[in-house]
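Contents: one structure, followed by commentary.
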Amino acid sequence: QVQLVESGGGLVQAGGSLRLSCAASGRTFSNYAMGWFRQAPGKEREFVGVISWNGANTYYADSVKGRFTISRDNAKNTVYLEMNSLTPEDTAVYYCAADRRTDRVLRTSRYYYEYWGQGTQVTVSS
């Protein structure tokens, strides 16, 4: 069982930056790929990015590529989402999620992620 808790959300002006954190419980965190997703009001939850179990590989949605960076510190059981050049279109609740499969595949579909945090709100004002 893995429990995930996001933090770091808030209100920021367009062009600004935020860093989200996702703290995980459980000794097996370092085995899991970790994804970030977001959900805006009235929209489906969408993929933002994913990082491999060891941090060596990442993959991002086109909408955030070059602006967002995912990293992780397995010693601290924490994964991060660094967000730069934010726009109002980035406004959403952001979720981290764990994919406990051990095949080393980086997945973009939320249906493969078994554990989810409660989400943290990010609001970007124009």
Side-chain angles (χ1 to χ4, degrees):
Q1 189 77 6
V2 175
Q3 291 185 323
L4 305 173
V5 179
E6 302 95 336
S7 61
L11 174 64
V12 63
Q13 288 189 333
S17 299
L18 277 177
R19 188 195 198 200
L20 306 184
S21 298
C22 172
S25 65
R27 293 179 296 174
T28 54
F29 167 80
S30 60
N31 292 338
Y32 302 157
M34 296 295 296
W36 283 95
F37 293 79
R38 66 186 181 185
Q39 189 166 16
K43 293 189 176 182
E44 293 284 320
R45 190 170 300 188
E46 66 173 359
F47 170 78
V48 172
V50 58
I51 188 166
S52 61
W53 65 279
N54 62 355
N57 298 293
T58 55
Y59 182 77
Y60 300 95
D62 287 343
S63 59
V64 306
K65 200 171 296 182
R67 300 188 298 122
F68 290 12
T69 302
I70 300 175
S71 60
R72 68 190 297 164
D73 185 339
N74 285 344
K76 295 182 178 179
N77 274 15
T78 303
V79 63
Y80 304 97
L81 179 64
E82 184 77 33
M83 305 185 294
N84 298 311
S85 302
L86 286 162
T87 73
E89 288 69 37
D90 295 315
T91 295
V93 177
Y94 283 72
Y95 300 89
C96 66
D99 175 6
R100 69 170 185 166
R101 291 168 179 80
T102 56
D103 57 7
R104 310 308 189 203
V105 174
L106 300 184
R107 293 179 169 84
T108 62
S109 171
R110 66 183 188 268
Y111 298 109
Y112 288 103
Y113 291 81
E114 296 189 59
Y115 303 110
W116 292 83
Q118 83 289 349
T120 185
Q121 176 71 47
V122 172
T123 303
V124 184
S125 63
S126 58

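Heads up: numbering here begins at 1 and tracks the sequence. Values in this document were obtained by computation on a predicted structure and should not be read as measured data.
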To check you understand the geometry: which heavy-atom pair defines the closest contact between [X] and [Y], and what is its length?
X	Y	result
Ile51	Leu106	C-CD2, 4.1 Å
Val48	Tyr94	CG2-CE2, 4.3 Å
Phe47	Arg107	CE1-O, 3.7 Å
Ser85	Ser17	N-OG, 4.4 Å
Met34	Cys22	CE-SG, 4.2 Å
Ala97	Leu4	CA-CD1, 3.8 Å

So do the side chains of [X] and [Y] get within less than 4.5 Å of each other, counting heavy atoms only?
X	Y	result
Thr78	Phe29	no
Thr91	Gln121	yes
Arg67	Met83	no
Tyr113	Val50	yes
Thr28	Val2	yes
Arg38	Val64	yes
Trp36	Val79	yes

Mind checking the [atom1]-[atom2] spacing from [X] to [Y]? Nearest 0.5 Å is all I need.
X	Y	atom1	atom2	result
Thr123	Asp90	OG1	CG	11.0 Å
Lys65	Thr58	NZ	OG1	9.5 Å
Gln118	Cys96	CD	SG	7.5 Å

May I ask you to decide if [Y]'s main-chain N or O and [X]'s side chain share a donor-acceptor pair within less than 3.5 Å?
X	Y	answer
Asp73	Tyr80	no
Ser30	Asn74	no
Tyr60	Ile70	yes
Glu6	Leu20	no

* Please check if atom CD in Gln3 has more than 12 non-hydrogen atoms from other residues, nucleotides or ligands closer than 6.0 Å. => no
* Asked: Taking atom NZ of Lys43 as the centre, does the number of heavy atoms from other residues, nucleotides or ligands within less than 6.0 Å exceed 12?
  -> no
* Passes salt bridge (charged side-chain N to carboxylate O under 4.0 Å, His left out), Asp99 versus Arg101? Steps please. -> CA-CA 6 Å; Asp99 175 6; Arg101 291 168 179 80; 3.4 Å; yes
* Return yes if a side-chain donor-acceptor contact under 3.5 Å exists between Arg100 and Tyr32, otherwise no. => no
* Asked: So is Arg110 actually on top of Phe37's ring, under 6.0 Å and inside 45° of the axis?
  -> no
